[in-house]
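Structure first, commentary second.
Atoms within each ligand, like the ligands themselves, are counted from 1 in listed order.
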Amino acid sequence: MSSQHLSAYRGRFAPSPTGSLHLGSLYTALASFLQARSQQGQWLIRIDDLDTPRNVAGAASEILKTLETFELFWDEQVFYQSQHLETYQSFIAQLSKQQQVYPCICSRKTLAEFQKNSTIYPNFCRSKTSIPSEPYALRLKTESINISFTDFLQGVVCHNIAEQDGDFIIKRKDEIIAYQFAVVIDDYQQRITEVVRGFDLLECTPQQIYLHQVLGLQPPAYLHVPILTDQHAQKLSKQSYAQAVDMRNPAATLLYLLTLLRQHPPLELQYASITELLNWAIANWQANALKAIRFHSL
Ligand code: GLU
């Protein structure tokens, strides 16, 4: 599926295989695709399938089929997180060797009782050095430094991880690699230059940049697009039973999505094919049209 690429831009779309794509995730996929293709860049797919209890059988192939129906063709082979467990483990070993992580046996209940109004981990296990006999999570020791970055659409974000989040989990008690950790290793492995994703993940970004720094990796640039919400101002999501994308008339859906992305497709594209619509959208893509917008109500 690869074509000749002139730029070093590498973007990605990273759905979790927890169900079919809904309009909100297709909106993000399209924005990320257009941002890459308008810069003659590469666009990769990663299936975020580490959280095995949430995976739904057949969802990954259905998601890929939907992307193909909308002609959002990707480069290279699809990257499945579950095929990279050894890589995550080797980065964890590096952090353990540098004594940057520690085992934590705190239960949710203990923390809830203690934390009350705060979500910051109270460092109960920070001084632990021996490996506990019971199941434990791995937490990253955070230092009080300010992480500051400029999101292409949302502007400057400044955040102090130690003070605002505390030591966070990179491997869960059930042995599953935490999203925050995996995403950093994946973006590094896939040589992603810019992450385009939903605004709801903006709050995770400082921790990810912090992890890049701890691991000595160069973080990508970030662009967080608005998220689509329903009539009740709820994010369209699989959890809120958002409907799968209607595949009966993909060109009409694509035109609608371009309008939602504020690209103002001209009237003569009303009956255009998917290929024509995408060609127009790539040639005319203006990410700026989404500047500072966080939510889009349908
Ligand atoms: N898998 C995540 C999701 O579906 C996206 C992760 C990311 O783009 O960093 O919400």
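Remark: side-chain polar atoms of Glu276 are paired, donor with acceptor, to backbone N or O of Ser273 under 3.5 angstrom.
Cation-pi contact between Lys291 and Phe152: present, with separation from the ring centre below 6.0 Å and deviation from the ring axis of at most 45°. Both tests pass for Arg139 against the ring of Tyr121: distance under 6.0 Å to the centre and angle within 45° of the axis.
Proximity to Ser16 (heavy-atom distance under 4.0 Å) selects the following atoms of ligand 1: 1 (N), 2 (C), 3 (C), 4 (O). Set against the non-hydrogen atoms of Arg197, the atoms of ligand 1 under 4.0 Å away are 7 (C), 8 (O), 9 (O). Counting the atoms of ligand 1 from 1 in the order shown, those under 4.0 Å from a heavy atom of Val183 are 9 (O).
Of the polar atoms of Ala14, at least one N or O is found under 3.5 Å from an N or O of ligand 1, judged by distance alone. Between Arg12 and ligand 1, at least one pair of N/O atoms sits closer than 3.5 Å.
In this structure, Tyr179 counts as a contact residue of ligand 1, since one of its heavy atoms falls inside 4.0 Å of the ligand.
Looking at residues two or more places apart in sequence or on another chain, you find no ring-ring contact (aromatic ring centres under 6.0 Å, His included) involving Tyr88.
Phe91 and Tyr188 have perpendicular rings, their planes meeting at more than 60° on a 0 to 90° scale where under 30° would count as parallel.
Neither the backbone nor the side chain of Val195 comes within 4.0 Å of ligand 1, counting heavy atoms alone.
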